[in-house]
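Below you'll find the structure, written out as structure tokens, and then a few comments.
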Amino acid sequence: MNGNPFPDKSAARFVDLWGKVGATSEERMKDWLSCGGRINGGVGFDTAGKIFPGESDQSAYERLERNFYSCLIKKGYRYSGCTKEFYKEKPICRG
């Protein structure tokens, strides 16, 4: 063990895969929560009461997800997990 509590990067919390030059872990968590992230460092978007007329549950989820990522990006954060196949086509990895 080299002191890294997440020796396998895939085991890291999602919040830990977002970085901003000069931001402390406390600042990152504060920004994470203000954008809608969960206290455990993960994400999950509850669409209850947030679906627009004519919008599907899936579309509402995707909208909330985009808003979350946009919030972090506007605060200066960048996602470091773009090597993962699932995220390559996501807006957070397309610059």
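Predicted, not measured: the structure shown is a model, and the values here were computed from it.
Residues Glu65 and Tyr61 bring no donor and acceptor atom of their side chains to less than 3.5 Å of each other.
In terms of hydrophobic clustering, with Ile, Leu, Val, Met, Phe, Trp and Tyr side chains grouped at heavy-atom distances under 4.5 Å, Tyr77 and Val21 are assigned to different clusters.
Trp32 and Gly42 make their closest contact through NE1-O, 3.2 Å (heavy atoms, listed as atom of the first residue, atom of the second, distance). Ala48 approaches Asp46 most closely through the heavy-atom pair N-OD1, 3.1 Å. Of all the heavy atoms in Ile51 and Ser56, the pair that sits closest is CG2-O, 4.4 Å.
With rounding to the nearest 0.5 angstrom, the OG1 atom of Thr47 is 11.5 Å from the CD atom of Glu62. Here the CZ atom belonging to Arg66 is positioned 9.0 Å from the CG atom belonging to Leu64, to the nearest 0.5 angstrom. Between Asn40 atom CG and Phe14 atom CZ the span is 12.0 Å, to the nearest 0.5 Å.
Trp18 has its side chain within reach of Tyr69: a pair of non-hydrogen atoms, C-beta onward, lies under 4.5 Å apart.
Looking only at distances, a side-chain donor or acceptor of Ser80 sits under 3.5 Å from a matching main-chain atom of Leu17.
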Exercise for the section: For the pair Phe45 and Val43, evaluate side-chain contact (heavy atoms from CB on, under 4.5 Å) and give the outcome as yes or no after the intermediate values. Expected result: CA-CA 7 Å; Phe45 308 104; Val43 292; 4.0 Å; yes

Problem - Check against side-chain contact (heavy atoms from CB on, under 4.5 Å), Met29 and Arg13 - result: CA-CA 11 Å; Met29 184 54 79; Arg13 299 177 309 161; 3.6 Å; yes

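The list of disulfide bond (SG atoms under 2.5 Å apart) pairs with a residue in residues 28-80, not counting sequence neighbours, reads Cys35-Cys71.
Taking the ring centre of Phe52 as origin, the terminal cationic atom of Arg63 falls inside the region bounded by 6.0 Å and 45° from the ring axis.
Applying the side chain to side chain donor-acceptor pair (under 3.5 Å) rule to Tyr79 yields no partners; only residues at least two apart in sequence or on another chain are considered.
The neighbour count for Lys20 NZ, taken as heavy atoms of other residues, nucleotides or ligands under 6.0 Å away, is above 12.
Salt bridge annotation for Asp31-Arg28: absent, with no cationic side-chain nitrogen under 4.0 angstrom from a carboxylate oxygen.
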